[in-house]
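See below for the structure under consideration.
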Amino acid sequence: MAVSPKTSKNKRLLIDKANATMLIFIGVAAFLLVFAIFSAKALLSQSSYQSKVIKEKQKAFKQLQINTKNVDSLVASYGSFASESQNVLGGNPTGSGPRDGDNPRIVLDALPSKYDYPGLISSIEKVLKEGGYKIESYGGSDDEINQQNAKVDKPTPIEMPFPITVNTSFEGAQLFLTTLERSIRPIYVSKLTLTAAQGKIVVSISAKTYYQPEKVLKITKKVVK
């Protein structure tokens, strides 16, 4: 049976329409698939990021709890150390003698947190004069400007060198180092020279003491990636 041209044309239109609908459906399906893949990837990435954030927050919280306990322990230890009836030198915490003073002040005097060259020389001079020594000369130089500009990441003891020469008797020369030990500051003698002159002994030393920059509390921020 012969098919009329009009019927054939209608069939082609229906086929073309069906093909167009199929292409649209395939396009929409492909778009949805790609969208779903990218959405899933974004969700996984966001989930991973949130997991890292939560982990870091938990870590920070645990550290905060540890720090809080350490602060309480430190405060208790400091109170006990400061309230002892006898200080570390065997003196009276409330007295004004050479060995008196509370423990925290003694520790700060022994290892100051700031560079103070004039203060160092004054304390050494006091100890030596109390021991009956005649000071001939001081050496060294005040390096305060450079010390203030120095950057210290981790507080460690920093040397403060100083040479000093005294005029004393033979007996005084024998007790010279012992006299220096009376200073609250730790003193390391690297060189000692003795010279006899007119019945006296000239004692020259190259020594150093220390100071330790104070610990600065830094609150930092961490970027989670």
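The model shown is predicted, which means the values in this text are computed figures rather than measured ones.
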statement: From the list Thr195, Thr193, Leu192, Leu194, side chain to side chain contact (heavy atoms under 4.5 Å, CB included) with Ser204 holds only for Thr193

- prompt: Listed by chain and number, what are the side-chain hydrogen bond (donor to acceptor under 3.5 Å, both in side chains) partners of Thr209, not counting sequence neighbours?
  reply: none

field: Whichever hydrophobic residues join Phe61 through chains of side-chain contacts under 4.5 Å
entry: none

query: Which salt bridge (charged side-chain N to carboxylate O under 4.0 Å, His left out) pairs, counting each pair once, include a residue from residues 57-81, with sequence neighbours left out?
result: none

message: Please enumerate all residues that pass side-chain contact (heavy atoms from CB on, under 4.5 Å) together with Val166, with sequence neighbours excluded.
response: Leu128, Tyr133, Ile135, Phe176, Val203

- request: Look at the side-chain heavy atoms of Ile, Leu, Val, Met, Phe, Trp and Tyr, link any pair under 4.5 Å apart, and say whether Ile164 and Leu177 land in one connected group.
  value: yes

query: Are any side-chain N or O atoms of Asn87 and backbone N or O atoms of Gly101, one a donor and one an acceptor, separated by less than 3.5 Å?
result: yes

message: Nearest 0.5 angstrom please: Arg105 CZ to Ile184 CD1, how far?
response: 11.5 Å

- line: For Val71, the other hydrophobic cluster members (4.5 Å side-chain criterion, sorted by chain and number) are Val75

query: Hey, any chance Val189 and Ile201 share a hydrophobic cluster, counting ILVMFWY side chains that come within less than 4.5 Å of each other, even indirectly?
result: yes

query: What is the distance from atom OG1 of Thr179 to atom CD1 of Ile124, rounded to the nearest 0.5 Å?
result: 11.0 Å

task: Using the salt bridge (charged side-chain N to carboxylate O under 4.0 Å, His left out) rule, collect all pairs that involve residues 195-209, keeping only residues at least two apart or in two chains.
output: Glu159-Lys208

field: Set of salt bridge (charged side-chain N to carboxylate O under 4.0 Å, His left out) partners for Glu125, sequence neighbours left out
entry: Lys129

- prompt: Do Val107 and Phe81 touch side chain to side chain, with heavy atoms closer than 4.5 Å?
  reply: yes

- line: Here the gap from Ser123 atom OG to Ile121 atom CD1, rounded to the nearest 0.5 Å, amounts to 7.5 Å

query: Other than Tyr210, which residues form its hydrophobic cluster under the rule that side-chain heavy atoms must be closer than 4.5 Å?
result: Leu111, Tyr188

field: Partner residues of Gln63 under the side-chain hydrogen bond (donor to acceptor under 3.5 Å, both in side chains) criterion, sequence neighbours left out
entry: Asn67

- request: Please list all pairs passing the side-chain hydrogen bond (donor to acceptor under 3.5 Å, both in side chains) test where one or both residues lie in residues 76-86, with sequence neighbours left out.
  value: Glu84-Asn103

- prompt: How would you list, by chain and number, every residue that makes a side-chain hydrogen bond (donor to acceptor under 3.5 Å, both in side chains) with Lys55, sequence neighbours excluded?
  reply: none

- prompt: How would you list, by chain and number, every residue that makes a side-chain contact (heavy atoms from CB on, under 4.5 Å) with Asn92, sequence neighbours excluded?
  reply: Thr94, Asp100

message: Keeping Ser190 on the side-chain end and Ser206 on the backbone end, is there a donor-acceptor pair under 3.5 Å?
response: yes

- prompt: If you take all heavy atoms of Leu120 and Phe162, which pair is closest and at what distance?
  reply: CD2-CD2, 3.9 Å

field: Co-membership, hydrophobic cluster, residues Tyr117 and Leu180, 4.5 Å side-chain
entry: yes

query: Does a sphere of radius 6.0 Å around CZ in Phe170 hold more than 12 heavy atoms from other residues, nucleotides or ligands, not counting ones at 6.0 Å or beyond?
result: no

